[in-house]
Amino acid sequence: MANEQNSLILSTSPHIKSDESVRKIMLSVNITLVPAAAFSVYQFGLYTLLLYAVSIATCLVSEYVVVRLRKRTFTLNDGSALVTGILLVMVLPPRFPAYGVVLGAFVSIVIGKQIFGGLGNNIFNPALIGRAFLAATYPVHISQWILPRMSAAAVSGATPLAGMKFDGIVTPFSDLFFGTVSGSIGETSAILLILGSLYLLMKKYIKWRIPASIFVTVIVLGEIFHLINPAKFPGPVFHLFAGGLMIGALYMAADMVTSPITKKGCVIYGCAIGLLVIIIRLFGGLAEGVMYAILFMNAFVPLINRATKPRIFGTGVNHEY
Amino acid sequence: MKLFSFQGGVHPAYRKELSGQREIKEAGIPEQLVIPLSQHIGAPCEPGVAAGDRIKEGQVIGKTVSFVSAPVHSPVSGKVKKIEKSFHPLGQKVLSVIIQPDDEGARDYMKPLGKNASELDPKDILTRITDAGIVGMGGATFPAHVKFSPPKDKPIDTLIINGCECEPYLTADHRLMVEMPEYIISGAKMIGKVLDVKEIVIAVESNKPDAVEKLEKAGDERDILCVLTKTKYPQGAEKMLIKAVLNREVPSGGLPMDVGVVVSNVGTALAVCESVRDGKPLIERVVTVTGNGVKNPGNFFVKIGTPVKHLIEQAGGTAGNIGKCIMGGPMMGIAQASLDVPVIKGTSGILIMQEADYMQEGYLPCIKCSFCVQVCPVNLLPSKLSVIAEARRWDLADSYGVNDCIECGCCDYVCPGKRPIVQFIKTAKIKVREIKEREKK
Amino acid sequence: MADTKSGDINTGNKSFSEFIKGFWKENPVLVMLLGMCPTLAVTTSAINGLTMGLAVVFVMTGSSVIVSLVRNIVPKQVRIATFVVIIATFVTMVDLFLKAFLLDLSKALGPFIPLIVVNCIILGRAEAFASRNSVWLSLVDALGVSFGFTVTLVFLGGIREILGMRTFFGMSVLGEGFEPWVIMLLPPGAFITLGFMLGAKNLIDRKMKERKKY
Amino acid sequence: MGITILFVSLASMGGVGLILAVILAVADKKLAVKEDPRVEKALEMLPGANCGACGFAGCGAFASAIAAGKVSVDGCKPGGIDVARKLTELLGLDEAVSVSPTVARVFCSGGIKETVMDKVYNGIRTCISANLIGGEKACLYSCIGFGDCCEVCSFDAIHMDENGLPVVDLNKCTGCGECVKACPRNIIGLTGYDEVVHVYCRSFDKGPVAKKACKVGCIACKLCEKDDETGAVKVIDNLAVVDHEVNKAPVGSIRRCPTKVIRVSKPVSGYEDEFKEKIQLEAFEEKKAGTSK
Amino acid sequence: MEVILIFISAVLVNNFVLSYFLGICPFIGVSDRIESAVSMGFAVTFVLTLSAAITWLINRYILIALNVPFLEYVSYIIVIASLVQFVEMFIRKTSKTLYDALGIYLPLITTNCAILGLALFGALRDYSFIENIVFGIGAGIGFTLALVVMAGIREELDLADVPESLKGAAITLIIAGLLALAFMGFAGLISA
Amino acid sequence: MSTRVKMILILTLFASISGGVLSIVYLFSSPLIEANLLEELKKSIFLVVPNAKDYDEKVIDEITYFECRDESGSTVGIALPARGNGYQGVIKLMVGLTPDLSRITGIKVLEQIETPGLGGRIGEDSFQNQFKGVQTEPAVEYVKNREPEKDTEIQAITGATISSRSIVSIINKNIQMLKDAL
Ligand SMILES: Cc1cc2nc3c(=O)[nH]c(=O)nc-3n(C[C@H](O)[C@H](O)[C@H](O)COP(=O)(O)O)c2cc1C
Ligand SMILES: Cc1cc2nc3c(=O)[nH]c(=O)nc-3n(C[C@H](O)[C@H](O)[C@H](O)COP(=O)(O)O)c2cc1C
Ligand SMILES: Cc1cc2nc3c(=O)[nH]c(=O)nc-3n(C[C@H](O)[C@H](O)[C@H](O)COP(=O)(O)O)c2cc1C
Ligand SMILES: Cc1cc2nc3c(=O)[nH]c(=O)nc-3n(C[C@H](O)[C@H](O)[C@H](O)CO)c2cc1C
Ligand code: SF4
Ligand code: SF4
Ligand code: SF4
Ligand code: SF4
Ligand code: FES
């Protein structure tokens with residue numbers, strides 16, 4: 001056509017976009033995990049560094065291969081596989097065998113994520129699927145603990161929760177808070193996890209309602225049971241900072257892909273996770289229930305979303321004025 | 001002062017500084033004007049002239065054929081070159097009158113009715129609004145006289161004059177409020193008189209304090225209340241504005257009159273005032289020409305029918321390689337396929353973007369971050385709607401309220417996956433309507 | 001089903017095709033998704049799968065023959081009730097037989113032997129085929145389907161046994177270096193393995209179809 | 001002991017059986033509900049594509065309607081005449097059914113090679129979405145080329161060619177009309193298999209405009225109208241149309257069209273003979289071969 | 001207390017579908033839409049409860065009383081089959097809406113392992129009449145829970161880019177596996 | 001014959017035929033089955049009470065136990081069937097005791113569905129053999145991650161504390177019940 005300009009671009013409105021991107025979000029998550037990860041390498045030795053490397057490499061390779069096989073283009077460099085790789089290691093015991101990590105990372109990406117259609121489509125948290133799979137595959141390795149370099153306890157290698165559950169030992173709050181206890185690689189230092197997640201909360205990459213309602217539920221229920229039988233049940237502060245609750249609530253329950261999209265839904269989801277954590281910790285066969293609580297509730301997310309569809313503006317209200 | 005607001009919304013970079021302080025200038029008369037005979041919602045007009053006719057400024061060239069319609073007047077004196085289908089800013093081809101202007105300056109305005117609203121008969125005002133071809137200037141281009149004649153069972157108690165101008169980049173309404181506050185106030189009173197309302201409110205976003213100052217000075221606090229609203233897009237959307245100012249919710253699928261309100265743009269008020277006071281039909285409007293694709297962004301009085309190309313020249317010509325030409329603001333405006341399209345009654349701005357500014361490479365799957373859910377002012381689940389449309393499950397779209405979407409673009413703006421959510425929704429709306437029609441048959 | 005309708009195939013061929021279709025095209029587990037419970041529950045080892053499969057072969061052939069023998073005298077309203085009685089009788093026989101001669105296997109299969117009674121395959125076949133076809137065809141069909149079932153079970157049991165215990169039919173196949181995957185012996189392992197088996201079958205089918213096209 | 005057990009078993013099972021049988025018998029009598037057995041049979045006969053071409057929510061709904069005698073037996077387009085015959089038999093109707101098979105045809109010739117692309121489209125790559133803002137081609141009536149029509153066909157009968165235009169496999173097409181519904185620009189139409197001469201353009205633009213946008217569009221020159229000996233071809237609203245009621249091939253028009261936009265489409269296999277006779281295709285093809293050389 | 005434990009155990013810890021592998025066929029077949037999953041769940045719960053009661057009576061007053069244990073399977077199944085058939089006829093006659101919602105699932109239930117499995121487990125565990133009924137209700141609710149959750153997930157996945165070969169039953173089984181993994185967290189809940 | 005009569009006849013007929021056929025099969029197989037079960041019971045009893053050659057079944061307060069005798073006929077121990085909940089489900093045991101119930105002579109896990117490779121290891125001899133000679137007064141106990149020191153202690157399986165604990169508590173509970181009954 002006789003048009004002196006080059007061809008104009010056509011697209012529908014809006015014509016401007018915010019500067020958020022999936023890549024930016026995922027990279028932020030990775031960066032905020034660095035302090036806790038670095039601390040864990042210090043605490044549990046260089047072997048954990050190897051585990052991180054193996055896990056990340058496996059995740060990236062599996063992701064790449066599957067996406068290639070399926071002839072899809074996206075998700076190669078968005079950084080979500082990196083998050084999965086790091087988080088998987090953070091919830092494993094410090095001396096977990098490296099071949100197990102390879103299997104776990106592969107399962108995380110392939111069974112946890114790609115078979116559902118890849119980024120954004122998965123129902124369950126991929127890293128937790130990897131961990132749960134490993135727990136059932138190598139149940140012995142998954143319950144072998146060692147003492148960290150900076151350790152408050154003298155001998156026992158048991159985690160604070162196992163100590164509480166099987167031996168009635170309650171670890172002091174400060175140890176839990178700073179992470180000088182035994183436990184999974186990246187879960188021990190509550191303070192670093194909280195600091196890291198503050199940035200994500202600020203940027204709203206984490207829906208604050210989720211960790212908030214988990215914490216509130218755990219505190220309330222923990223307190224109730226503690227009041228009923230202080231000898232048998234530890235107090236709420238212990239529950240809050242022991243085990244994987246921090247990393248679980250802040251990073252894993254709050255994974256945007258696998259949590260509800262409605263505000264009310266987030267509260268329901270968080271409360272249910274809190275409830276399940278307490279039930280499993282106090283009455284179940286396992287010492288720690290965060291992982292299973294999150295996975296269990298992941299399955300309910302579609303139902304929760306459906307049940308908590310927000311009231312559309314201008315519907316269901318009285319229009320008298 | 002209290003800031004009124006609503007749930008959701010976004011804060012895009014406003015970029016109003018580009019043109020906000022530029023006084024409105026005359027854009028002059030282009031070589032040729034293309035005047036579509038359908039510039040409003042409703043039935044298109046029939047041509048009232050024939051090729052070769054000489055016409056005067058203000059003469060009717062498009063006659064209405066039904067109630068929901070608005071006549072079209074010639075913005076200049078000149079000669080009708082031809083009448084044929086021509087590109088319309090909305091994308092289709094529409095029957096248009098093409099006018100070759102001359103320098104005779106012959107005018108054919110209507111008889112002025114008077115200045116003071118309180119002395120006028122509401123019926124006369126309404127007739128004048130009808131004859132002047134006034135439509136909503138906020139973008140919806142709904143014929144004003146229809147909007148101002150609500151059915152008997154829907155009494156109107158409040159008139160809101162919408163001076164929010166929440167779209168980024170646009171400053172036309174802002175300049176109007178600063179430069180011609182008396183006209184706006186007087187126009188608002190006239191509309192108020194027609195509707196017989198108890199209260200008239202002018203709502204302005206908090207980033208335009210100078211406008212409020214001028215309006216307050218020009219008006220009288222007893223008749224007209226100026227309120228500040230939070231600077232947040234889409235504060236100017238009428239449903240949101242009514243919620244913010246009056247805390248009333250327009251029912252889904254309903255109109256502001258269902259809750260006793262009429263919302264009008266400041267430009268509409270101005271046009272009403274001019275038509276009543278001076279007898280001038282709607283042949284001219286204020287347009288912001290802006291964006292990094294023009295050298296000197298500014299605000300102009302523009303004759304309806306002026307091609308975009310002419311306006312770009314008035315704004316100092318293009319800067320860099322032009323990528324996109326948008327009629328309207330960046331959030332809701334329509335990208336144009338050529339620079340020959342004319343300004344119409346509803347055009348509030350022309351945004352020219354450089355090549356570097358627009359392109360987006362593909363989009364990702366929804367990661368359910370729920371950013372879009374947080375910002376949707378009408379509480380939809382845009383993520384769900386986009387995924388539904390992507391999977392072509394039109395049957396589900398309706399149950400997720402696709403037709404309640406006001407297409408404000410907030411969801412699309414915040415989406416980190418850069419998903420074209422609004423386009424998905426628009427597509428779904430079409431499909432849902434198609435399916436419903438088919439079912440009816 | 002279309003090919004069973006065409007009349008010009010002679011009986012010999014027809015019964016052969018009836019027989020083999022149970023292995024792939026109408027595999028009860030992978031295609032018809034029937035009899036899933038024992039498939040998942042008992043396949044912790046290949047031998048369990050085999051025993052279960054053979055039990056099903058017996059029950060299915062027996063009941064198919066009887067059902068098709070009596071199909072014409074049973075009124076529609078009591079068809080299901082009568083069929084389940086016939087099937088349950090055969091199942092009880094298998095159960096008693098196993099308890100008498102193969103106590104360990106009987107224990108390993110647990111309640112899934114009696115559950116053959118309600119296994120959808122048996123009833124599905126009785127309803128869909130035996131109640132409409134001649135004795136000979138019903139027999140062939142039952143054999144085909146139940147052997148297809150058995151093969152699938154042995155295959156699934158094999159995978160789970162190899163990965164979960166390093167053995168196949170009790171023989172060591174993977175070296176000491178391989179650490180067994182306990183999950184394979186647990187419910188999740190059963191579901192996931194069968195899921196991937198189904199996926200693989202679909203993939204092969206699709207690839208074959210594509211090849212046929214060109 | 002053995003005998004006792006035998007006896008007890010016989011009696012107890014017999015008793016249980018008897019009681020249940022009586023219950024069922026009574027229930028059968030008291031709770032009987034009549035249902036039309038033909039619904040199930042009709043369902044078996046239908047192709048089961050659930051395409052909705054019959055105007056019902058699926059094959060099942062159509063089967064019920066058929067059994068109830070609410071619709072005519074030839075409602076199922078994909079099933080075609082075979083199914084209609086079977087249904088007639090089932091319902092015991094002996095009226096002769098005549099179903100003329102229909103196929104979809106694509107009325108646009110402007111692919112990537114022929115049409116001017118004067119803008120860049122940046123958005124969802126489906127036709128319906130692109131149509132919101134006009135697509136990439138200069139002609140506003142052209143095929144957009146993102147293949148929505150191919151996506152919806154349940155019979156794998158329509159595919160995009162390398163020129164970016166959809167091509168219907170007439171032997172697979174059942175005339176269900178899904179593609180017609182999917183196309184936002186009304187480019188696809190359902191036509192009788194024996195209607196073989198069509199204008200492969202849908203542009204209502206005036207000649208010069210159309211010419212600028214596309215090399216192979218109808219430019220409304222009216223030469224076809226002039227050279228048409230049958231009276232079937234008319235130019236209406238800047239576009240030539242063929243009237244199929246006039247049961248003759250407008251060979252003159254076909255030859256005359258400067259942009260070759262009136263064409264004969266390929267025959268549906270199995271109908272070649274009938275078809276040749278009707279429009280003297282052979283004669284025409286020979287002539288065309290001669291002129292183009 | 002015992003009754004509560006039986007209930008929790010049947011719903012969560014030893015979920016019929018996810019850890020006992022009972023009723024898998026309908027679990028895969030009817031879990032594609034939430035509405036039908038809920039209906040099927042109700043129907044199964046109803047029949048499970050009813051047959052828990054009846055099979056307990058048969059066990060006590062025929063099999064044990066007459067000392068004919070080998071008739072267990074035959075007698076259970078004939079009663080269950082006839083019962084289901086009767087209920088179906090009854091619902092069909094009395095309420096069209098109920099039939100459309102529940103009735104069409106009933107024939108599926110006869111061939112569902114969960115029903116007979118319940119009868120056998122109940123007998124094996126020497127439950128009292130009340131306990132057996134609670135066990136039936138719990139098993140039914142557990143089944144419904146798994147079914148509805150699965151239906152929710154499958155409706156979601158309907159909109160997702162699941163690999164072609166895995167669509168349908170394959171992905172359903174894999175998800176069931178992942179659900180079973182998640183349910184493993186409840187193990188030990190009743191014993192500890 | 002009307003269908004309804006036919007219905008009734010057919011179902012009744014098939015049901016009784018089935019009853020008949022099964023009773024015959026049962027008559028033939030039941031001796032074998034009983035023998036099998038007896039054999040198994042004997043094996044487990046003789047395993048947990050080493051010197052036993054014969055036993056008497058006794059019932060006290062609904063508790064069944066087996067009093068074992070050697071060739072000479074003197075009581076050499078007691079075999080006590082016990083059951084309780086483990087990690088995944090029910091565990092059934094046979095516990096061998098000295099006649100005065102003060103020491104365990106051996107245990108045998110009869111039935112369990114614990115996790116293979118983990119809790120499932122309670123079925124392994126290395127675990128079961130630990131109980132030989134363990135004292136039951138005041139109660140059997142388990143220790144973790146270290147060698148047992150006292151006579152009442154056994155070592156729990158690593159990673160399967162719960163299963164190990166369950167065995168211990170099943171044993172304690174059942175012995176206590178027997179003691180109370182005697
Ligand atoms: C850790 C954290 C906790 C927060 N807690 C609350 C809170 O309890 N209540 C609240 O209204 N806002 C809270 N906020 C602020 C929210 O980020 C923000 O104001 C809120 O999400 C916006 O309101 P809306 O989500 O209801 O639209 C919190 C923010 C952070 C970072
Ligand atoms: C998302 C959205 C944003 C809008 N923003 C404005 C605005 O900033 N100013 C305005 O006058 N109208 C705006 N409108 C249009 C108003 O909703 C309403 O149509 C108009 O104020 C009515 O006045 P009119 O009939 O005089 O045009 C917006 C509409 C939508 C849907
Ligand atoms: C898949 C899986 C299976 C398990 N199976 C058993 C089991 O059979 N027996 C058991 O006592 N604990 C089992 N557990 C529980 C844990 O290993 C639990 O942490 C352990 O009982 C604690 O004991 P520890 O203090 O010796 O590590 C299992 C855990 C998982 C994840
Ligand atoms: C706040 C946040 C938390 C995340 N947590 C996890 C996680 O726990 N596990 C994981 O595999 N990926 C996590 N991701 C990454 C990503 O969402 C995940 O890989 C997707 O589930 C893949 O579709 C997280 C991402 C964000 C933004
Ligand atoms: S869904 Fe519609 S109303 Fe909601 S944010 Fe998106 S465009 Fe605006
Ligand atoms: S903003 Fe985009 S990625 Fe986030 S939930 Fe909405 S559609 Fe999905
Ligand atoms: S090409 Fe069109 S009309 Fe033909 S079968 Fe496909 S969708 Fe139906
Ligand atoms: S014919 Fe229509 S639907 Fe098909 S590709 Fe062209 S524009 Fe799209
Ligand atoms: S085999 Fe159990 S329900 Fe089908």
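Reminder, nothing fancy here: chain letters follow the sequence lines and each chain counts from 1.
A donor atom on one side chain and an acceptor atom on the other are not found under 3.5 Å apart for B:K232 and B:H11. Using modelled atom types, one finds no donor on one side chain facing an acceptor on the other under 3.5 Å when comparing B:K243 with B:S5.
Among the residues in residues 306-313 of chain A, those with a non-hydrogen atom closer than 4.5 angstrom to a non-hydrogen atom of chain B are A:R306, A:K309, A:P310, A:R311, A:I312, A:F313.
Counting heavy-atom pairs closer than 4.5 Å to chain A, the top-ranked of the candidates B:I326, B:V10, B:V414 is B:I326. The candidate from B:L246, B:L380, B:L381, B:V373 with the greatest count of non-hydrogen atom pairs under 4.5 Å with chain A is B:L381. Ranked by heavy-atom pairs under 4.5 Å with chain A, the list B:S370, B:G409, B:C408, B:P330 is led by B:P330. Looking only at heavy-atom pairs under 4.5 Å with chain A, the residue among B:G253, B:G401, B:P168, B:G333 that has the most is B:G333. Most heavy-atom pairs under 4.5 Å with chain A, from the set B:M332, B:M331, B:K384: that is B:M331.
A salt bridge is absent between B:D412 and B:R419; no separation between the charged side-chain nitrogens and carboxylate oxygens falls under 4.0 Å. Between A:D255 and B:K368 there is no salt bridge, since none of the side-chain N atoms of the basic residue sits less than 4.0 Å from a carboxylate O of the acidic one. One finds no salt bridge joining B:E249 and B:K239 here, because no Lys/Arg side-chain nitrogen approaches an Asp/Glu carboxylate oxygen to under 4.0 Å.
A:S62 pairs in a side chain to side chain contact (heavy atoms under 4.5 Å, CB included) with only one of the listed residues (A:V65, A:L60, A:T58), which is A:T58.
Below 30°, between 30° and 60°, or above 60°: for A:Y199 and A:Y205 the angle between ring planes is above 60°, a perpendicular geometry.
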Trace of the side-chain hydrogen bond (donor to acceptor under 3.5 Å, both in side chains) decision for A:T258 with A:N125: CA-CA 6 Å; A:T258 54; A:N125 187 320; 4.6 Å; no
Test side-chain hydrogen bond (donor to acceptor under 3.5 Å, both in side chains) applied to A:K113 and A:S80, step by step: CA-CA 10 Å; A:K113 179 171 167 188; A:S80 71; 2.7 Å; yes
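At least one test fails for A:K204 against the ring of B:F371: distance under 6.0 Å to the centre or angle within 45° of the axis.
For a residue to count as touching a neighbouring chain, one of its non-hydrogen atoms must lie under 4.5 Å from one of that chain's; by this rule B:C366 touches chain A with the backbone only. Only the side chain of A:K207 comes within contact range of chain B, with at least one heavy atom under 4.5 Å from a heavy atom of that chain. For A:I25, the part sitting under 4.5 Å from any heavy atom of chain B is the side chain, from C-beta outward, and nothing else.
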